[in-house]
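Some notes on the structure that comes next.
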Amino acid sequence: MTGTGGMWDTGATAVLPIGATPPVTTPRDAAREAAERELSKPMYHENDPSLLDRAMRKFFEWVDELFGAASGATPGGTLGIVVIILLVVLAVGLLWWRLGTPQRVLGSTGTLFDERARSAAEHRAAAEAHAAAGRWTEAVQDRMRALVQSLEERTLLDPRPGRTADEAAAEAAVPLPAHAADLRTAARIFDDVTYGGRTADQAMYARLQELDLAVERTRPALAAAGATGAAAPGPTGPAGPSEGSS
């Protein structure tokens, strides 16, 4: 049967007129891949946000959601959250200022002397030089060593390699009971700045300097007790040489 326009219709298939071009048909998967390849070209993504921009956007969205959830559970809403954060930051700042830069804390303290043997005068001179240069940690260390070395030179402490600051303070408290508490404090300061990562300051050095000078002027209790015991009469009275002579 002949259809209009010169086309023959067989009922199932349409026959194009002579000289006509058939339409181009592309399979669905191939068309999708071609579109993806086209859209992946850099010219289509010149104004896209960078990876960092996308990450920052996600982060701020998360922070916004966190604040939104917290403000509903915190008295004062968002203002209350801000006040709490400011208080936490202030507390951290105060701890940082008070304790210095956090560092790894060793499990145990080390020995007091870790260099060649030097006299108390040499340690004091080194401490004063460090203090003049503002090196307070080194000044504190040498002043504590000068104090202990001075006690060894006065034979109030037996020279003993490997002695710690705590041990020196405990042993020195026996002949110097009036300075027992200050000696313990000095040993703690030495350990904190030497092994605990704490930064020394001028006040710490002044405290050890004052203690060193005070100990240097203090008469040891054992020597005083020995002198008193030698002069005091015994429980049965003195047995002087005059008792046997007449």
Q: Mind listing the closest non-hydrogen atom pair of Ile189 and Val140 along with its distance?
A: CG2-CG1, 3.9 Å

Q: Identify which one of Glu210, Glu138, His130, Glu128 satisfies the side-chain hydrogen bond (donor to acceptor under 3.5 Å, both in side chains) criterion when paired with Tyr205.
A: Glu128

Q. Do you know the tightest heavy-atom contact between Ala126 and Arg118?
A. CB-NH1, 4.0 Å

**Q.** Test item: Gln149 side-chain N/O and His123 main-chain N/O as donor-acceptor pair under 3.5 Å
**A.** no

**Q.** Heavy atoms from other residues, nucleotides or ligands near CZ of Arg135 exceed 12 (cutoff 6.0 Å)
**A.** yes

**Q.** Test applied, side chain to side chain contact (heavy atoms under 4.5 Å, CB included); reference residue, Thr137; option that passes from Val193, Asp192, Asp142
**A.** Val193

Q.
Testing the basics here: between Pro220 and Arg154, what is the closest heavy-atom pair and its distance to 0.1 Å?
A. CD-NH2, 3.8 Å

Q: For Ala146 and Arg124, work out which heavy atoms get closest and say how close.
A: CB-CG, 3.5 Å

Q: Locate the shortest heavy-atom distance separating Ala165 from Asp191; write the atom from each residue and the value.
A: CB-OD1, 3.9 Å

(Q) How long is the straight-line distance from CD of Gln141 back to OG1 of Thr194, given to the nearest 0.5 Å? (A) 3.5 Å

Q: Would you give the length of the straight line joining atom CG of Leu151 to atom CG of Leu176, rounded to the nearest 0.5 angstrom?
A: 6.0 Å

Q. Considering residues, nucleotides and ligands other than Gln202, do more than 12 of their heavy atoms fall under 6.0 Å from its CD?
A. no

Q) What's the verdict on side-chain contact (heavy atoms from CB on, under 4.5 Å) for Phe190 and Arg145, showing C-alpha distance, side-chain angles and the deciding distance? A) CA-CA 9 Å; Phe190 177 87; Arg145 289 166 180 152; 4.0 Å; yes

Q. Stepwise, does the side-chain hydrogen bond (donor to acceptor under 3.5 Å, both in side chains) test hold for Ser150 with Glu216?
A. CA-CA 8 Å; Ser150 174; Glu216 188 73 10; 2.7 Å; yes

**Q.** Distance-minimising heavy-atom pair for Ala187 and Asp166
**A.** CB-OD1, 3.5 Å

Q: Can you tell me which residue pairs pass the side chain to side chain donor-acceptor pair (under 3.5 Å) test with a partner in residues 171-183, sequence neighbours excluded?
A: Arg160-Glu171, Arg163-Glu171, His179-Thr218

